[in-house]
Amino acid sequence: MSRYLLLLLLNLPFIITAIISQVTQYKLGKASTRRLYVQMSIWFMILLGLVIAEPLYEWLFRRGLTQTDSLSLFDVVQITAIVLVFYIANRSRQKIDLLEHRLRDLHQELSIKLSETKD
């Protein structure tokens, strides 16, 4: 099995999960259309980068623009870890946004309740 194919297969679940998560957030009204487009663009660019990694390397090698070895197993693990960290950071940001929204709603509700008791 090609290391490039292994790289794509290891990262594909994270990318698909992220895309499904973004669509779900949009459908539930928790994300704006703009945020959906930005996030989808980012994940599709990552996917595109993984898909064209091998043809790009072969093209650069044939033209003599790189003299490095092809992708090593360590590189596959490292790139997968980077995609995983990006996925985790993105999910954490979404959870923080949701938590901030809930905290703002609770604060507003508490302010209304306190103002009603003072009158």
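Under the side-chain hydrogen bond (donor to acceptor under 3.5 Å, both in side chains) criterion, no residue pair touches residues 44-57, with sequence neighbours excluded.
Under a hydrophobic-cluster definition in which Ile, Leu, Val, Met, Phe, Trp and Tyr are linked whenever side-chain heavy atoms come within less than 4.5 Å, directly or via other members, I112 and L106 are assigned to different clusters. Cluster membership check: V51 shares its hydrophobic cluster with V83, using side-chain heavy-atom separations under 4.5 Å among Ile, Leu, Val, Met, Phe, Trp and Tyr. Residues V38 and L47 are members of one and the same hydrophobic cluster, defined by side-chain heavy-atom contacts under 4.5 angstrom among Ile, Leu, Val, Met, Phe, Trp and Tyr. Note: the hydrophobic cluster containing L7 also contains L73 (ILVMFWY, side chain heavy atoms under 4.5 Å, direct or indirect links). Put simply, L99 and I96 are part of two different groups of oily side chains (I, L, V, M, F, W, Y) that touch within less than 4.5 Å, one to the next.
Judged by distance alone, the side chain of S111 and the main-chain N or O of H107 form a donor-acceptor pair under 3.5 Å.
For the residue pair S72/R3, the side-chain donor-acceptor check at 3.5 Å is not satisfied.
Taking all atoms of both residues into account, the shortest heavy-atom contact from L8 to L50 is CD1-CB, 3.9 Å. Across all non-hydrogen atoms, the minimal contact from L71 to Y4 is N-OH, 3.4 Å. Of all heavy-atom pairs between T68 and T66, the closest is OG1-OG1, 3.1 Å.
Separation of atoms CG (N90) and OG (S21) is listed at 7.5 Å; rounding is to 0.5 Å. Between L28 atom CG and T24 atom OG1 the span is 6.5 Å, to the nearest 0.5 Å. For the atom pair CD (E109) and CG (L114), the distance works out to 11.0 Å, reported to the nearest 0.5 Å. The distance from atom CD1 of I15 to atom CD1 of I42, rounded to the nearest 0.5 Å, is 12.5 Å. In this structure, I88 CD1 and R93 CZ are separated by 14.5 Å, a value rounded to the nearest 0.5 Å. Here the straight-line distance linking atom CE of M40 with atom CD of Q22 works out to 8.0 Å at 0.5 Å rounding.
Enclosure of atom CG in D69 is not indicated, since only 12 or fewer non-hydrogen atoms of other residues, nucleotides or ligands lie within 6.0 angstrom. For R102, the CZ atom is loosely surrounded, since the number of other residues' heavy atoms within 6.0 Å does not exceed 12.
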Open item on the list: I46 vs F14, test: side chain to side chain contact (heavy atoms under 4.5 Å, CB included). Steps then yes/no.
Closed with: CA-CA 11 Å; I46 291 171; F14 300 118; over 6 Å; no

TODO: Could you please spell out the steps behind the salt bridge (charged side-chain N to carboxylate O under 4.0 Å, His left out) verdict for R35 and D97?
DONE: CA-CA 12 Å; R35 178 171 280 181; D97 286 346; 3.0 Å; yes

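Taking the six-membered ring where the residue is Trp, the centroids of F86 and W43 are separated by under 6.0 Å.
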